[in-house]
Amino acid sequence: MTSKSGSELPIGFALELATDLDAMDIFAEMSENEQQSYIDGSRRMNTKQEMREYVASLKQKSNNK
């Protein structure tokens, strides 16, 4: 899976997005810069639970707009 800018998504991030379709839709609608920011942030996650919470935060960010 790749972002709009062509960056490869880290596997854990891609897998969590695949299990949370709402978060995946939100990520797909982001600008290239926003996507890259989330991709970079996902690389700092160390556990599956951290990644799950990080992906869930996409929905929280969307709700705050």
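Since we're looking at a predicted model, the values are computed, not measured.
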note = Quick note, salt bridge (Lys or Arg N to Asp or Glu O under 4.0 Å) partners involving residues 9-27, not counting sequence neighbours, are Glu16-Arg52, Asp20-Lys59

inquiry  = Can a donor-acceptor pair be found, under 3.5 Å and without considering hydrogens, that links the side chain of Gln35 to the backbone of Ser31?
reply    = no

query = Hey, any chance Leu15 and Met51 share a hydrophobic cluster, counting ILVMFWY side chains that come within less than 4.5 Å of each other, even indirectly?
reply = no

Distance (rounded to the nearest 0.5 Å) between Ile39 CD1 and Met30 CE = 10.0 Å

request  = Hey, could you give me the CD/CD1 distance between Glu29 and Ile26, rounded to the nearest 0.5 Å?
outcome  = 9.5 Å

remark   = Sequence neighbours excluded, the answer for side chain to side chain contact (heavy atoms under 4.5 Å, CB included) partners of Arg44 is none

remark   = Interatomic distance, CG@Asp40 vs CZ@Arg43, rounded to 0.5 Å, equals 6.0 Å

inquiry  = My understanding is that only residues two or more places apart in sequence, or in another chain, count here; which of them pass side chain to side chain contact (heavy atoms under 4.5 Å, CB included) with Glu53?
reply    = Gln49

Residue list, side chain to side chain contact (heavy atoms under 4.5 Å, CB included) with Ala14, at least two apart or on another chain = Met1, Leu9

request  = Could you grab the distance from atom CG of Leu17 to atom OG of Ser42, nearest 0.5 Å is fine?
outcome  = 8.5 Å

message = Just to verify, what does Ser57 make a side chain to side chain contact (heavy atoms under 4.5 Å, CB included) with, not counting sequence neighbours?
response = Tyr38, Tyr54, Gln60

